[in-house]
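What you see is a predicted model; the values in this text were computed from it and never measured. Here is how names work: the chains are called A, B, and so on, in the same order as the sequence lines, proteins then strands, and each is numbered from 1.
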Protein chains: 6
Amino acid sequence: MAKVKVSRKAHFNAAHRLYHKDWSDEKNAAIFGKCSNPNYHGHNYELIVSVAGEIDPETGFVMDMKVLKDLIKLEVEEALDHKNLNVEVAEFKIINPTAENIAVYIFNKLRPHIVAANELEVTLYETPRNFVTYKG
Amino acid sequence: MAKVKVSRKAHFNAAHRLYHKDWSDEKNAAIFGKCSNPNYHGHNYELIVSVAGEIDPETGFVMDMKVLKDLIKLEVEEALDHKNLNVEVAEFKIINPTAENIAVYIFNKLRPHIVAANELEVTLYETPRNFVTYKG
Amino acid sequence: MAKVKVSRKAHFNAAHRLYHKDWSDEKNAAIFGKCSNPNYHGHNYELIVSVAGEIDPETGFVMDMKVLKDLIKLEVEEALDHKNLNVEVAEFKIINPTAENIAVYIFNKLRPHIVAANELEVTLYETPRNFVTYKG
Amino acid sequence: MAKVKVSRKAHFNAAHRLYHKDWSDEKNAAIFGKCSNPNYHGHNYELIVSVAGEIDPETGFVMDMKVLKDLIKLEVEEALDHKNLNVEVAEFKIINPTAENIAVYIFNKLRPHIVAANELEVTLYETPRNFVTYKG
Amino acid sequence: MAKVKVSRKAHFNAAHRLYHKDWSDEKNAAIFGKCSNPNYHGHNYELIVSVAGEIDPETGFVMDMKVLKDLIKLEVEEALDHKNLNVEVAEFKIINPTAENIAVYIFNKLRPHIVAANELEVTLYETPRNFVTYKG
Amino acid sequence: MAKVKVSRKAHFNAAHRLYHKDWSDEKNAAIFGKCSNPNYHGHNYELIVSVAGEIDPETGFVMDMKVLKDLIKLEVEEALDHKNLNVEVAEFKIINPTAENIAVYIFNKLRPHIVAANELEVTLYETPRNFVTYKG
């Protein structure tokens, strides 16, 4: 059967600061520059979630995009949209909310909800000029 | 030799409905929602065709983009642009014109015209938020 | 007070054909070309709705974008999204659903819901390459 | 002489919350919803600054884009990029940092540096879907 | 009748240098910087041509977009695409090919071909970050 | 450890002509068409540089985007921005400056500066419709 990758775009916005919890504010500033401003800054994150698998011969879908849209809303947007990532998201009280770590977090939240035989890929734009991709 | 992937963007627009020919309108509506409107809806499809292969040392091209542009026009745009996919394209009288199936159809139309040693990849945007990729 | 124009993007997709009800299919084809295909074609319409007025000193808003988003959903998307414009929208059984006429239709549906002192402007992209603007 | 409008794009990102200083957190939440999260959220702001005037017959410029680029950097990016608008920008301790008010703030910072005979216009995208325009 | 502005996007690419014919290369370099490189540099110019007028009640068009597309091809693309503006376009042997001056040139070439009662507007992107607008 | 691909966008503009040094102008014109105009044409090149590797558990970065941004500026923009590629870049006096060959050139300039264990990928847009990708 033909294997196709289907992709859905979504978005959320959030405040964060780059911050290593075991370092002083001075060391954080030295390593992360203005991205470590203790008062936070923020981004419009643009997200692409891709699922690769065989086309279901009945529906013609790899995965129903409406289902994927609702899954992203429930698992990602509810958790991250209009939030302060460092303060309000448990994982990012411990690990640094870089684009890399946020992409891994999103992948891990979505993976249990995707058919096991299908591959999952997450691309996260922190700005229109910086983005990351994670496939597990 | 260096192996490079070259890509060309194109576009067409068309009407379609998601529809399984062996199901009732009611079952089609239950599965496909408003995408199965019997009066059809439509899209501006944006297409990216990519060909990966070695650079020809004479021309510096993997494939002449003018040749690829004309091939897409002849094989894809002539067949699909400003058409009703369910009514006017033989394949989609039988199979459901989902983005997945349209991408496979485009791949199969282009594949015989691409040098056998080169790889072909088709990415089709049904909307700016939904898209699919097929590599055969 | 400062006068500011606020804008909100939305989208819908639909099937249509360009068609003058008093002309034969032949004359429609001669004037409108492939855009008059009797089996319809379709588009992803991208819509920008703008409202210009004074900033409310209490809220800092010209108009709450959530209210405008919901208004566009109710008045425009419910009426046009995933529809066949010629068949399912009363106005376009009579007038030709060109981008120009659709923009005027959207303007007229929204105008009664916008504060009278504020100006309304509608920009409608029929494709990424063709668009129209109407201010009443 | 021909009058031309020249435009330059720039960007910055920042944290903010919508907040009326004389209201309780409850009233702020009732009016501004999740945009008033006391822990802040943030955006990638995309900015277009336009200057309209006559073409200088010597240079062929209305205004040298390098000069405009540097002016935006000095007056806007230095003040707002990677900042918490409510906490770190004096104006937004008092007025609400809505897109409308930020656009007026940027206009007022740039206006003294633009040739008096020329017109200034500021367009600010808070997200790719919400934006505002201010011309003074 | 309703007055609507219709817009069509097109593109061309060209080489140029910013250059005042009465100045030395040194003075040109002092004023225009690297944009005056005597060996030329170049751009992908993106063009938006807009025509504002009343909707024709027969066709529903302000202007047939196919006619406008062909007019842009004939008058603008044939003259400028894949050209060295300073060397191969008569006007730019004399005046400096800044974005401002190229927009005026395009306006002047198109104006005689647009219905006199309609307004013409030209927007020219020299880069995705720099653009100009001219309305005559 | 999680392996993530991080990407950074940059841009430069340049003049070039497609040209095989051992062919006559006539043969160059026959093979490359208007792209071989002896007076040159030009492009706004948009560049995406991607680095794939493990996330550093201290910083949360695969690679600091500020470092990557500065590296692209030093190695690519300084060499190519506002240049005539055929005349001013040693490599392209000998090999043809097609998008394919420019991507390989950029890859080769960046590769020694990227941690050996990490993978490098270069995507180069010659126009918004033509682009190439090279991974070594």
Side-chain angles (χ1 to χ4, degrees), chain E residues 8-19 25 28-48 69 73-74 76-93 96-99 102 123-132, chain F residues 8-19 25 28-48 69 73-74 76-93 96-99 102 123-132:
Chain E
R8 173 78 195 170
K9 288 192 186 173
H11 53 88
F12 59 91
N13 54 66
H16 79 151
R17 67 177 292 204
L18 297 187
Y19 179 70
D25 267 9
N28 273 291
I31 303 294
F32 298 124
K34 62 185 176 180
C35 298
S36 196
N37 179 352
N39 294 312
Y40 309 103
H41 64 285
H43 298 290
N44 302 323
Y45 292 92
E46 298 279 332
L47 174 67
I48 302 172
K69 178 186 178 184
K73 188 177 180 67
L74 187 66
V76 181
E77 295 174 34
E78 297 268 317
L80 304 182
D81 190 37
H82 280 80
K83 295 288 170 62
N84 183 312
L85 301 180
N86 304 68
V87 172
E88 297 177 281
V89 181
E91 285 81 351
F92 300 121
K93 292 179 182 176
N96 193 2
T98 58
I102 302 171
T123 295
L124 182 70
Y125 283 75
E126 188 173 79
T127 73
R129 291 153 290 279
N130 287 344
F131 60 100
V132 304
Chain F
R8 174 77 195 171
K9 286 191 187 176
H11 52 90
F12 59 91
N13 54 66
H16 80 152
R17 67 177 291 204
L18 297 188
Y19 179 70
D25 268 8
N28 274 290
I31 302 295
F32 297 124
K34 60 187 178 179
C35 298
S36 197
N37 178 353
N39 293 313
Y40 310 105
H41 63 286
H43 298 290
N44 301 322
Y45 291 92
E46 298 281 332
L47 175 66
I48 302 171
K69 178 186 178 183
K73 189 177 180 66
L74 188 66
V76 181
E77 295 175 34
E78 298 268 317
L80 304 182
D81 190 35
H82 281 78
K83 295 287 171 62
N84 183 312
L85 301 181
N86 303 70
V87 172
E88 297 178 281
V89 180
E91 284 80 351
F92 300 121
K93 292 178 183 176
N96 191 5
T98 58
I102 302 171
T123 295
L124 182 70
Y125 283 74
E126 188 175 77
T127 73
R129 290 153 291 278
N130 287 344
F131 59 100
V132 304

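For a residue to count as touching a neighbouring chain, one of its non-hydrogen atoms must lie under 4.5 Å from one of that chain's; by this rule E46(E) touches chain F with the side chain only.
Qualifying side chain to side chain contact (heavy atoms under 4.5 Å, CB included) partners for A79(E), counting only residues two or more places apart in sequence or in other chains: Y105(E), K109(E). With sequence neighbours left out, F131(E) forms a ring pair (Phe, Tyr, Trp, His ring centres under 6.0 Å) with Y125(E). With sequence neighbours excluded, the residues forming a ring pair (Phe, Tyr, Trp, His ring centres under 6.0 Å) with Y45(F) are F12(F), H43(F), listed by chain and number.
Scanning residues 31-38 of chain F against chain E with a 4.5 Å heavy-atom cutoff picks out K34(F), C35(F), N37(F), ordered by number.
T98(F) places none of its side-chain heavy atoms less than 4.5 Å from the side chain of V132(F).
Highest contact tally toward chain E, considering only E88(F), H16(F), R17(F), is held by E88(F) [criterion: heavy-atom pairs under 4.5 Å].
Atoms NE2 and CG, on H82(F) and N13(F) in that order, are 4.5 Å from each other to the nearest 0.5 Å. To the nearest 0.5 angstrom, E91(E) atom CD is 10.5 Å from L85(E) atom CG.
In terms of heavy atoms, Y19(F) sits closest to N96(F) at N-OD1, 2.8 Å.
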